[in-house]
Amino acid sequence: MQAIKTMEFNITQSPSDVLWRRKDIMLVAAGSGPCLRELYFRAAVQGKLQQLMLCQITADDYTMGTAEEKITRVIKRAAAVNGVQIVVLYLNCLDILTRLDFDYLESSLSEATGVMVRYFFRGPLGKMDIGHFKPVDEFMAELPKENGCISHNLYQLPPLAADVAGVIDTLPANEAKVLVAPSGCRACLRDGDLLEQTQGVYALETKKQDFIYGIEDNCVKQCRELLAGGQYKCLNLISSAVAAFIGFDGNWVANSMENNLRTRSFDIDGFNDAVYGVSCVQELLAAEEQEQYIKPVREILILGYSSLLCGEREQYAECFAYIRSLGYEPRFVGEKAGGKPALCWVVSTAGIPAARVLNEKYAVPLLLSCPVGEHAMKMWRKNVQELCVTENNEIRQLCIHNYSIEETDKRKLLFIGDPMQTMGLAHALWHEGFQHIQLATLCTGVDSRKLYRKAPGADKWLIIVDSLTALQDLWEDADIVFADTLLADVMSSIGAGKKKHIPLPWGVISGRSACTVGSGALGKNMAEQLKLLVK
């Protein structure tokens with residue numbers, strides 16, 4: 001079993017890099033989040049986004065047999081792009097496992113579009129299909145001579161960081177994290193979403209027979225070898241789209257491990273985003289520590305934190321200092337619990353479900369707040385002090401509520417990111433006289449959409465965006481946009497970027513590059529931007 005270590009983009013060459021050497025080839029790619037995200041990042045780095053067209057597929061599309069229909073529609077759109085001579089369907093593992101009718105797609109779509117359509121078997125499962133797999137150089141040699149150049153720009157939203165990334169980012173550093181997936185699934189984690197300081201991440205080494213007879217025995221064998229050195233006392237099995245599709249039984253593997261070893265199995269499939277992944281981990285970790293809730297302790301439990309979702313931990317330094325000044329100790333979920341916490345402080349939407357359970361089951365009071373600015377921080381201190389001594393399961397949350405404040409600036413503000421963090425920023429500027437405010441977030445998964453609807457003020461202030469068109473409409477209507485720079489680049493390319501853009505890095509969009517020094521809604525970088533805006 002190999003450890004996954006972070007690397008810079010394009011250290012190793014991918015078949016897509018070779019295919020993109022030609023200027024008349026359009027790659028069409030479907031699959032789960034990690035597959036699409038890795039390709040998008042590669043294309044962006046190489047300036048090849050005009051030669052990549054993504055096909056958003058759901059898990060149900062593969063199980064219900066509607067994936068081929070969606071892929072067919074995208075291939076036809078790709079063939080219609082100016083300058084395309086060849087459309088290459090860049091197959092992922094699920095395309096291969098579900099045995100789409102590739103020969104029919106090639107012949108029928110080539111005839112229907114007048115453009116050559118070819119499929120390329122990639123990844124470990126592609127190489128196992130001896131009857132169809134060809135090395136990329138051999139594949140390229142069989143294509144007609146290059147003719148033309150794709151000059152039309154393709155505007156696509158970046159695929160969001162996957163649930164797999166969220167799970168790994170949230171689990172404790174001293175635990176083993178094993179990704180149960182073909183080798184290609186680890187590439188996006190390595191190149192884009194896995195933080196440099198993340199430890200204990202491994203990828204299962206798979207063989208052809210694993211996908212025929214089951215992967216469980218091989219998983220048990222490799223996990224035992226990994227744990228033989230005694231470095232880890234806890235093992236986390238993290239499934240992928242392929243593992244989920246073939247029915248990987250993580251609970252069976254967990255039950256087959258040694259009794260003195262805590263083993264968890266996360267049954268996720270790569271089709272949800274990192275927010276959902278973080279939420280799943282937080283719920284499980286919070287449930288596990290409840291066996292320690294025999295007596296109350298002077299702790300404040302922090303839920304919802306993940307580097308990808310929130311940025312660096314140092315942004316909470318002022319809050320931690322105040323908590324300690326009251327005689328309490330801040331603790332992140334997953335760190336050893338001493339007993340029932342006096343208060344649960346939720347810092348992102350992903351922590352709300354776990355917090356609600358603690359509130360209802362153990363009467364732990366909740367504070368849902370990302371306090372940006374002195375007014376919000378003053379109220380946060382007051383709420384922490386009062387809630388720590390309350391004897392009921394009270395819930396308080398930060399939300400725009402004071403409508404008597406005078407409007408002094410008529411510019412329209414748009415905030416894009418986690419709803420709790422953007423609410424904190426919006427609340428701060430509301431108190432500075434900005435009252436034309438809109439919150440938005442990107443979301444393509446049903447489960448994450450449900451999470452966002454639970455955020456403070458979501459019913460009144462939040463728009464959930466799942467398409468480029470919807471985002472463009474919001475962007476063009478605003479005067480100032482707070483958003484990840486990767487989104488600003490997309491909007492700029494389609495002519496909607498002529499606005500004042502204030503960087504609001506969010507790892508769900510741009511990966512680990514968003515988790516820099518000073519990052520986060522409470523971070524130094526954002527504080528400086530806000531000061532400039534309100535001068």
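Just so we're clear, the structure is a prediction, and the values are computed from it rather than from any experiment. The basis for the numbers below is simple: all heavy atoms, side chains too, and nothing from hydrogens, waters or symmetry mates.
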> Any side-chain heavy atom of V84 within less than 4.5 Å of one from M53?
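They are not in contact (no side-chain heavy atoms under 4.5 Å apart), so the answer is no.
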> Once you round to the nearest 0.5 Å, how far does CG of L487 lie from CG of L157?
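These two atoms lie 7.0 Å from each other.
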> Might you confirm whether atom CD of E111 has over 12 heavy atoms from other residues, nucleotides or ligands at distances under 6.0 Å?
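No - once you tally the heavy atoms of other residues, nucleotides and ligands closer than 6.0 Å, there are 12 at most.
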> Does the side chain of D267 come within less than 4.5 Å of S265's, by heavy atoms?
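Side chain of S265 against side chain of D267, heavy atoms only: contact under 4.5 Å found.
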> Using the rule given for side chain to side chain contact (heavy atoms under 4.5 Å, CB included), can you reason through R118 versus S110, listing the C-alpha separation, both sets of side-chain angles and the distance that settles it, and then say yes or no?
CA-CA 8 Å; R118 292 290 181 266; S110 294; 4.1 Å; yes
> I'd like to check the salt bridge (charged side-chain N to carboxylate O under 4.0 Å, His left out) partners of K76; sequence neighbours left out, ordered by chain and number.
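None.
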> Please check if atom NZ in K70 has more than 12 non-hydrogen atoms from other residues, nucleotides or ligands closer than 6.0 Å.
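Atom NZ in K70 is crowded, with more than 12 foreign heavy atoms closer than 6.0 Å.
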> Do the non-hydrogen side-chain atoms of N236 and V167 ever get within less than 4.5 Å of each other?
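N236 vs V167: side chains apart.
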> Just verifying a value: how many Å separate I168 CD1 and E175 CD, rounded to the nearest 0.5 Å?
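The CD atom of E175 is 12.5 Å from CD1 of I168, to the nearest 0.5 Å.
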> Any idea how Y202 and Y232 line up, ring-wise: parallel (<30°), tilted (30 to 60°), or perpendicular (>60°)?
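The arrangement is perpendicular - the two ring planes meet at more than 60°.
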> Which pair of heavy atoms, one from A79 and one from V115, lies closest together, and at what distance?
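Between these two residues, the closest heavy atoms are O-CG2, 3.6 Å.
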> Between D418 and Y452, do the side chains contain an N or O donor and an N or O acceptor separated by less than 3.5 Å?
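Looking only at side-chain atoms, Y452 and D418 do not form any donor-acceptor pair under 3.5 Å.
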> Within the 4.5 Å heavy-atom criterion, are M140 and L19 side-chain neighbours or not?
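Touching, per the 4.5 Å side-chain cut-off.
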> What is the distance from atom CD of Q315 to atom CZ of R313, rounded to the nearest 0.5 Å?
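Going from CD on Q315 over to CZ on R313, the span is 11.0 Å.
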> Hey, what do you get for SG (C219) to CG (L204), rounding to the nearest 0.5 Å?
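These two atoms lie 5.0 Å from each other.
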> Report the C-alpha separation of D193 and D169 in whole Å, then their side-chain angles, then the decisive distance to 0.1 Å, and conclude whether the side chain to side chain contact (heavy atoms under 4.5 Å, CB included) test is met.
CA-CA 9 Å; D193 294 331; D169 190 55; over 6 Å; no
> By the definition side chain to side chain contact (heavy atoms under 4.5 Å, CB included), identify the one residue from L194, V275, L195 that meets it with L308.
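Exactly one candidate clears the test, L195.
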> Atom CG in N218, atom CD1 in I215: separation rounded to 0.5 Å?
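Between N218 CG and I215 CD1, I get 6.5 Å after rounding to 0.5 Å.
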> Would you please name every residue forming a side-chain hydrogen bond (donor to acceptor under 3.5 Å, both in side chains) with T485, sequence neighbours left out?
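Checked T485 against side-chain hydrogen bond (donor to acceptor under 3.5 Å, both in side chains); zero matches.
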> Show, in sequence, the C-alpha distance, side-chain angles and deciding distance for L171 and F266, and conclude whether the side chain to side chain contact (heavy atoms under 4.5 Å, CB included) test is met.
CA-CA 11 Å; L171 287 167; F266 293 93; 4.0 Å; yes
> To the nearest 0.5 Å, what is the distance between CG (L54) and CG (L39)?
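Rounded to the nearest 0.5 Å, the CG-CG separation comes out at 7.5 Å.
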> Hey, are D466 and T444 close enough side-chain-wise for a donor-acceptor pair under 3.5 Å?
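The criterion, which ignores hydrogens and geometry beyond distance, is not satisfied for D466 and T444.
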> Are T170 and Y305 close enough that some pair of their side-chain heavy atoms sits under 4.5 Å apart?
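A side-chain contact under 4.5 Å is absent here.
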> Name all residues meeting the salt bridge (charged side-chain N to carboxylate O under 4.0 Å, His left out) criterion together with D269; count only those two or more places apart in sequence or in a different chain, and write none if there are none.
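If we apply the salt bridge (charged side-chain N to carboxylate O under 4.0 Å, His left out) test to D269, skipping adjacent residues, there are no hits.
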> Once you measure the plane-to-plane angle for F120 and Y90, does it fall in the parallel (<30°), tilted (30-60°) or perpendicular (>60°) bin?
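Ring orientation, 0 to 90° scale: parallel.
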